[in-house]
**Q** 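Let me give you the structure first, and then I'll get to my questions.
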There are 2 protein chains.
Amino acid sequence: MTSVDEPARPNGRIRDAVRTKAEILDVATQEFARVGYAGARVDDIAARTRTTKRMIYYYFGGKEQLFTAVLERSYGVIREAEQSLDVEHLDPVAAIRRLAELTFDHHERHPDFIRLVSIENIHEAEHIASSEMLGRIGSPALDVIRRILASGQESGLFTADVDAVDLHAMISSFCFFRVANRHTFGALFGRDLVDPAQREHYRTMLGDMVIAYLTADRATD
Amino acid sequence: MTSVDEPARPNGRIRDAVRTKAEILDVATQEFARVGYAGARVDDIAARTRTTKRMIYYYFGGKEQLFTAVLERSYGVIREAEQSLDVEHLDPVAAIRRLAELTFDHHERHPDFIRLVSIENIHEAEHIASSEMLGRIGSPALDVIRRILASGQESGLFTADVDAVDLHAMISSFCFFRVANRHTFGALFGRDLVDPAQREHYRTMLGDMVIAYLTADRATD
DNA sequence: TAGCTAACGTACTGGTTCGTACATTAGTCA
DNA sequence: TGACTAATGTACGAACCAGTACGTTAGCTA
């Protein structure tokens, strides 16, 4: 295991606090996502890193804090992704559809994150609640939705009585369910919601749904 | 703890296989839903029944089989509920809206079931896969949707290219997300999706969304 | 280059947890 | 009413698992 980047040491022991910490977080993210908080084993996480269990306690304090750190980093990643959203140059309908598609893509690309969120919900969001950072993380996506919605409502394209948080919930629920409930849905109904061949179909379906809702003539019903 | 139903015994020991088994299932359902499969403790489940851990192994064989039995009974309950669906006397639009509302109500009334499904998805539906019963449980709701959809498409009310399984996924995703992700969503966005005061709002939103999707003129976009 | 400390490793512990061996009894039926 | 068996209880073991006491060393800096 001697590479150019990591020259051999007499002892093989290398000191790199940043790398060690990051490696623990990487492995812990995989393990927690794979088997849940209670199902994960601190020993197993340590065994899959190049360091020892001792270091987990040294850097994070304990299993609980490690899980919180995993959540914090995972949420940080999506916040960053949301910050690079660039849809406001489009007209409101296209902008919302594009935003929905980006949400769709992001969920699909980060199944581990979806699993962590499911797990955190089983724990009633207790780690989020006790995290300084996650309490004030906000959501750039929400701001984007708010602005598009306002512009669409002003121009009369969208029905007036829609709220950004609710629309975000609507979009997220479809994207989240598709990934999170993939297994039970597949087992019960014989259809793989994440089948690559069906990807475009569901991506379009999401956009159609959201736009139909936003542009519907509510008086019709 | 002496009641009319259960007269005192010299030893307090009563034999009732059916009751014992049902009581274990009740408690196990609560515990598994509360803390997940790995988080649940066989000893704790036993302690909360009027019998002992020995009986769990006697009747179910082990923790894994107990969890499967919990899932089987839980899915059985919704299948029964679905069988009593009675919406086909309504016109297609009203029928779909009513069906969505009943799905909405059912999810809200059975948060433990939602949690069990989330947990089973973390385990990649392995218990469903290995269950004889759950493999062929089917879904009466799906048949209902299929018939309403066919009638609505025939009369030209609904867009033609919609599939029953997909529509079921759409309705379920909204209902499921609202309950399952209540905690993280609340913690991050400060809005309780299950707030009773907002119940009618979200119930209407779901119906509006589904109907808008089904009746939209897809060519507009 | 001596010494200091952040970074790391080893080995262990105490409590937990699934599962079982063995003993007992309630209720039934010949 | 005696015997048989399904149903139940007790006590324990072996593996597991989060966390820690204690010792070591790499790399920096005075």
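If you're wondering where the values come from, they're calculated on a predicted model, not measured in any experiment.
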**Q** Is A/Asp208 salt-bridged to A/Arg97, cutoff N-O under 4.0 Å?
**A**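 A/Arg97 and A/Asp208: salt-bridged.
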
**Q** Which listed nucleotide (D/dT8, C/dA7, D/dT20) is nearest to the side chain of B/Arg15?
**A**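 Side chain of B/Arg15 sits closest to D/dT8.
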
**Q** Any chance the side chains of B/Glu23 and B/Thr51 put a donor and an acceptor closer than 3.5 Å?
**A**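 B/Glu23 vs B/Thr51: no donor-acceptor pair found between side chains.
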
**Q** Has the side chain of B/Lys53 got a donor or acceptor atom sitting under 3.5 Å from an opposite partner on the base of C/dG19?
**A**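 It does, because a donor-acceptor pair links the side chain of B/Lys53 to the base of C/dG19 below 3.5 Å.
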
**Q** B/Thr51 side chain: which of D/dG19, C/dG9, D/dG9 is closest?
**A**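 Of the options given, the side chain of B/Thr51 lies nearest D/dG9.
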
**Q** Between A/Glu120 and A/Ile128, is there a donor-acceptor pair closer than 3.5 Å when you use the side chain of the first and the backbone of the second?
**A**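 Yes: the side chain of A/Glu120 pairs with the backbone of A/Ile128.
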
**Q** Any Lys/Arg nitrogen of A/Glu200 or A/Arg203 sitting under 4.0 Å from an Asp/Glu carboxylate oxygen of the other?
**A**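 Yes, A/Glu200 and A/Arg203 are salt-bridged.
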
**Q** Between D/dA6, C/dC8, D/dA18, which one does the side chain of B/Tyr58 approach most closely?
**A**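 Selected nucleotide: D/dA6.
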
**Q** Within residues 118-131 of chain A, find the residues that approach DNA chain D with a heavy atom at under 4.0 Å, and present them sorted by residue number.
**A**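 The stretch gives none, as no residue of it lies under 4.0 Å from the strand.
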
**Q** Has the side chain of B/Lys21 got a donor or acceptor atom that lies under 3.5 Å from a matching backbone atom of B/Ile56?
**A**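 Answer holds: no.
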
**Q** Can you figure out which of C/dC8, C/dT20, D/dA7 approaches the side chain of B/Tyr57 most closely?
**A**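 In terms of side-chain proximity for B/Tyr57, the closest of C/dC8, C/dT20, D/dA7 is C/dT20.
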
**Q** Hey, are B/Gln198 and B/Arg191 close enough side-chain-wise for a donor-acceptor pair under 3.5 Å?
**A**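 The criterion, which ignores hydrogens and geometry beyond distance, is not satisfied for B/Gln198 and B/Arg191.
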
**Q** For DNA chain C, which residues in residues 23-43 of chain B have a heavy atom at a distance below 4.0 Å?
**A**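 Nucleic-acid contacts, sorted: B/Ala40, B/Arg41, B/Val42, B/Asp43.
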
